[in-house]
Amino acid sequence: MCDLAWAAGFFDGEGNAHFYDRVNPRTGKRNVTVGMNVSQSGPFIPDALARFARVVGFGKIYGPTHRPGRQPVWRWQVAGFGDVPTVARLLLPLLSGAKHTQVSAVLAAIDR
């Protein structure tokens with residue numbers, strides 16, 4: 001439980017959850033995406049990001065991406081209607097404030 005509380009705190013500070021439901025104006029096709037991610041920079045995968053991935057047990061770390069004059073960026077990401085609700089429900093009881101509201105809104109959009 002201690003590791004999960006740590007992961008929720010880490011996501012509170014560094015994470016993001018999103019749900020997008022758009023219609024392409026050119027094709028008229030509907031595009032729905034859902035995901036959660038945490039980004040950190042460093043020359044190697046940051047230890048905290050690797051620990052977060054281990055604790056939640058879902059998702060994958062992508063990277064590095066490079067921008068001139070900046071450190072490489074690594075991103076833990078989970079997407080889709082199977083894994084995102086699982087991770088969201090795992091962290092939600094331990095999230096606070098704005099992040100709790102954000103993840104709750106994503107779950108509500110998925111459940112619609």
| Which atom names give the shortest non-hydrogen contact between Val32 and Arg30, and what distance separates them? | CG2-NE, 3.7 Å
| said: I'd like to know if the side chain of Gln102 reaches the main chain of Ala17, judged simply by a donor and an acceptor atom lying under 3.5 Å from each other, with no hydrogens or angles considered. | reply: yes
| Which pair of non-hydrogen atoms, one from Pro85 and one from Leu107, has the smallest distance, and what is that distance? | CA-CD2, 3.8 Å
| request: Taking atom CG of Asp47 as the centre, report whether more than 12 heavy atoms of other residues, nucleotides or ligands fall under 6.0 Å from it. | output: no
| request: Using a cut-off of 6.0 Å, state whether more than 12 heavy atoms not belonging to Phe81 lie near its atom CZ. | output: yes
| Does some side-chain heavy atom of Val55 sit less than 4.5 Å from a side-chain heavy atom of Phe10? | no
| Measuring from Arg89:CZ to Ser104:OG, what's the distance to the nearest 0.5 Å? | 10.5 Å
| query | Is there a donor-acceptor contact under 3.5 Å from the side chain of Trp74 to the main chain of Val38? | reply | no
| note | One should read off an interatomic distance between Gln40 CD and Ile61 CD1, to the nearest 0.5 angstrom, of 9.5 Å
| query | Do you know which two heavy atoms are closest between Val106 and Phe19, and how far apart they sit? | reply | CG2-N, 4.1 Å
| note | In short, Ser39 meets Val73 closest at the heavy-atom pair CB-CG1, 4.2 Å
| field | Between CH2 on residue Trp6 and CG on residue Asp12, distance to nearest 0.5 Å | value | 12.5 Å
| message | Would you compute the distance between atom CG of Leu4 and atom CG of Leu90 and round it to the nearest 0.5 angstrom? | response | 4.5 Å
